[in-house]
Amino acid sequence: MTSLYSSIHPADSVNLSTRTHGAVFNLEYSPDGSVLTVACEQTEVLLFDPVSSKHIKTLSEAHEDCVNNIRFLDNRMFATCSDDTTIALWDLRKLNSKVCTLHGHTSWVKNIEYDTNTRLLVTSGFDGNVIIWDTNRCTEDGCPHKKFFHTRFLMRMRLTPDCSKMLISTSSGYLLILHELDLTKSLEVGSYPILRARRTASTSDMTSTSSDTRPSSSPCHNSDLGPLFEKHMSRSSQREGASPRNSLEVLTPEVPGERDRGNCITSLQLHPKGWATLLRCSSNTDDQEWTCVYEFQEGAPVRQVSPRCSLRLTHYIEEANVGRGYIKELCFSPDGRMIASPYAYGIRLLGFDSQCKELVDCLPKEAGTLQVIRSLYSHKDVVLTTKFSPTHCQIASGCLSGRVTLYQPKF
């Protein structure tokens with residue numbers, strides 16, 4: 001693995017940029033790796049053949065504002081979301097028009113998840129809402145939907161690979177985890193048992209993971225999560241016998257160098273095997289930026305409302321902190337051994353150790369530094385997003401000025 005990834009270079013013949021689409025905010029491959037889609041600042045979605053690097057199609061008016069995220073439902077259907085507050089469904093076999101447009105958010109829609117078991121689409125936006133869409137009953141007029149969850153300062157939302165948990169990151173430094181996830185339940189006050197808020201384990205207090213309180217120096221408060229959270233907290237002591245479905249755990253992840261200051265969790269990804277979560281965090285003063293890996297620690301609860309899963313900081317690395325104010329989307333490789341992270345005008349390939357071993361084979365007793373396997377610079381502007389191909393040894397990156405570059409091994 002080390003030899004393979006160390007041989008990756010920018011492909012000489014690939015230049016996927018155009019003059020009209022603006023910055024590249026997100027990249028997504030189809031599950032079979034045959035199509036690369038590009039979410040662009042100026043309302044466009046670009047489609048390419050990543051093997052031949054040939055342009056397939058430009059959806060010039062995919063939305064009425066910035067396109068933020070793309071998610072494939074299968075090898076032919078995909079969804080896009082936008083600052084125009086809508087989600088659009090598309091079919092690769094008929095790209096001249098949308099399958100349908102979904103309306104329900106009241107502010108910018110930032111990311112999309114999909115539960116393949118229930119065929120429920122899950123979206124989140126800056127209105128603080130997580131909305132569930134039933135694609136099983138989709139028509140030209142849209143899909144039935146419901147508001148599933150709400151919190152203030154929502155940044156990103158992800159589902160674990162087995163869809164047993166939902167993670168939500170916030171700009172106020174909180175990480176929310178919904179355990180024993182059941183997307184079919186309607187949102188009702190009191191339907192989410194609260195697991196007590198706490199700070200994740202740090203390198204200096206790995207053995208004290210059951211602390212119930214957060215350091216007083218943290219600038220985040222329970223009220224940051226909204227009145228629904230406060231109602232839950234006031235009732236949490238009464239819910240000893242509550243159902244464990246959709247139980248909410250509230251964490252403030254430990255970030256190196258940020259113990260006395262708040263941080264904003266701007267990017268959130270999950271290990272493909274569900275072992276860990278990957279965060280990109282920036283300080284509230286925007287003078288530091290970190291990539292951090294947190295291991296999920298499963299365990300039987302001491303009591304019904306006690307946390308069943310905490311996060312332990314295992315690896316981290318400081319980033320270049322170039323392009324302040326822009327979110328940088330990082331990702332795991334399909335096998336989970338490697339991280340591709342935007343770094344100034346390029347990307348860095350990071351490993352848990354220098355030999356690209358599995359995370360479970362190199363878990364440190366105390367948090368350690370991620371190893372830089374390869375640094376690749378091929379852009380003339382700040383890189384905002386990266387993505388591994390699910391089927392080929394290939395990586396894509398997109399930057400602020402609109403260029404997309406593919407990287408592949410060169411022997």
Side-chain angles (χ1 to χ4, degrees), residues 8 10-11 14-18 21-30 33 35-48 50 53 62-63 65-72 78-83 108-113 124 155-158 169 264-270 272 278-282 289-291 319-334 338-350 374-390 394-408:
I8 285 182
V14 177
N15 185 345
L16 307 184
S17 63
T18 70
H21 62 253
V24 173
F25 287 158
N26 184 241
L27 299 162
E28 185 72 10
Y29 286 87
S30 60
V35 177
L36 172 64
T37 56
V38 183
C40 303
E41 177 185 14
Q42 300 296 335
T43 76
E44 295 182 355
V45 173
L46 311 179
L47 293 90
F48 293 91
S53 304
H63 287 275
D65 208 330
C66 304
V67 185
N68 296 316
N69 190 237
I70 302 174
R71 176 56 58 116
F72 274 87
F78 66 95
T80 60
C81 65
S82 169
D83 281 0
W108 303 345
V109 189
K110 288 302 182 180
N111 81 290
I112 307 169
E113 292 286 274
S124 67
M155 290 295 293
R156 290 292 185 268
M157 172 274 306
R158 301 290 178 195
S169 66
C264 175
I265 306 173
T266 58
S267 182
L268 167 65
Q269 299 291 339
L270 289 164
L278 176 65
L279 304 183
R280 188 73 170 255
C281 304
S282 61
E289 195 170 23
W290 296 85
T291 289
E319 298 290 0
N321 197 28
V322 176
R324 297 180 183 181
Y326 286 96
I327 294 173
K328 289 92 174 181
E329 297 286 1
L330 63 178
C331 64
F332 279 108
S333 61
M338 189 78 61
I339 296 165
S341 178
Y343 188 77
Y345 291 1
I347 65 173
R348 292 195 297 188
L349 302 184
L350 308 172
R374 187 120 173 86
S375 296
L376 300 163
Y377 299 96
S378 62
H379 292 270
K380 296 181 180 179
D381 211 333
V382 178
V383 174
L384 301 180
T385 182
T386 62
K387 195 70 177 183
F388 280 90
S389 166
Q394 185 182 77
I395 308 169
S397 65
C399 72
L400 187 58
S401 60
R403 180 185 174 91
V404 176
T405 299
L406 299 182
Y407 309 83
Q408 51 202 31

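Numbering starts at 1 and runs along the sequence shown.
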Does the pair Ser378 and Tyr407 meet the rule for a side chain to side chain contact (heavy atoms under 4.5 Å, CB included), with working shown?
CA-CA 10 Å; Ser378 62; Tyr407 309 83; 2.9 Å; yes
Would Leu270 and Leu278 count as a side chain to side chain contact (heavy atoms under 4.5 Å, CB included) here? Give the steps.
CA-CA 6 Å; Leu270 289 164; Leu278 176 65; over 6 Å; no
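Scanning all heavy atoms of the two residues, the minimum distance from Ser341 to Arg280 falls at OG-NH1, 3.1 Å. In this structure, Arg156 and Ser267 approach most closely via the heavy-atom pair CG-CA, 4.5 Å. Residues Glu28 and Ile70 approach most closely at CG-O, 3.6 Å, considering heavy atoms. Here the shortest heavy-atom pairing between Ala340 and Thr386 reads O-OG1, 3.1 Å. Pairing each heavy atom of Leu349 with each of Phe388, the nearest pair is CD2-CZ, 4.2 Å. The shortest heavy-atom contact between Ala396 and Leu36 is CB-CD2, 4.1 Å.
Taken from OG1 in Thr37 to NZ in Lys387, the straight-line distance is 9.5 Å, to the nearest 0.5 Å. The line from SG of Cys264 to CG of Leu279 is 11.0 Å long, rounded to the nearest 0.5 Å. A distance of 4.0 Å separates CZ of Arg158 from CD of Gln269, quoted to the nearest 0.5 Å.
Between Glu44 and His63, the closest side-chain pair of non-hydrogen atoms is not below 4.5 Å. Using a 4.5 Å heavy-atom threshold, the side chains of Ile395 and Ile347 count as touching. Between Val67 and Cys40 there is no side-chain heavy-atom pair separated by less than 4.5 Å. Using a 4.5 Å cut-off on side-chain heavy atoms (C-beta onward), Val38 and Phe48 make contact. Using a 4.5 Å cut-off on side-chain heavy atoms (C-beta onward), Leu330 and Ile339 make contact. A heavy-atom distance below 4.5 Å is not found between the side chains of Leu384 and Ile327.
In this view, Gln394 and Tyr29, Pro50, Ser389, His392, Leu406, Gln408 satisfy the side chain to side chain contact (heavy atoms under 4.5 Å, CB included) rule, not counting sequence neighbours. When the side-chain hydrogen bond (donor to acceptor under 3.5 Å, both in side chains) test is applied to Tyr343, no partner is found at least two apart in sequence or on another chain.
Checked for salt-bridge contact, Glu289 and Lys328 meet the test: a charged N lies under 4.0 Å from a carboxylate O.
Side-chain N or O atoms of Arg403 include none that pairs as donor or acceptor with a backbone N or O of His379 at under 3.5 Å. Not one N or O on the side chain of Glu41 forms a donor-acceptor pair closer than 3.5 Å with the backbone of Gly22. A donor-acceptor contact shorter than 3.5 Å is absent between the side chain of Thr266 and the backbone of Cys281. With hydrogens and angles disregarded, a donor-acceptor distance shorter than 3.5 Å links the side chain of Ser82 to the backbone of Cys66. Within the 3.5 Å criterion, the main-chain N or O of Met155 finds no donor-acceptor partner in the side chain of Ser169.
Checked against a 6.0 Å centroid threshold, the rings of Tyr377 and Tyr345 do not count as neighbours.
Under the side-chain hydrogen bond (donor to acceptor under 3.5 Å, both in side chains) rule, Asn68 has a single partner from Asn111, Asp83, Asn26, Thr80, which is Asp83.
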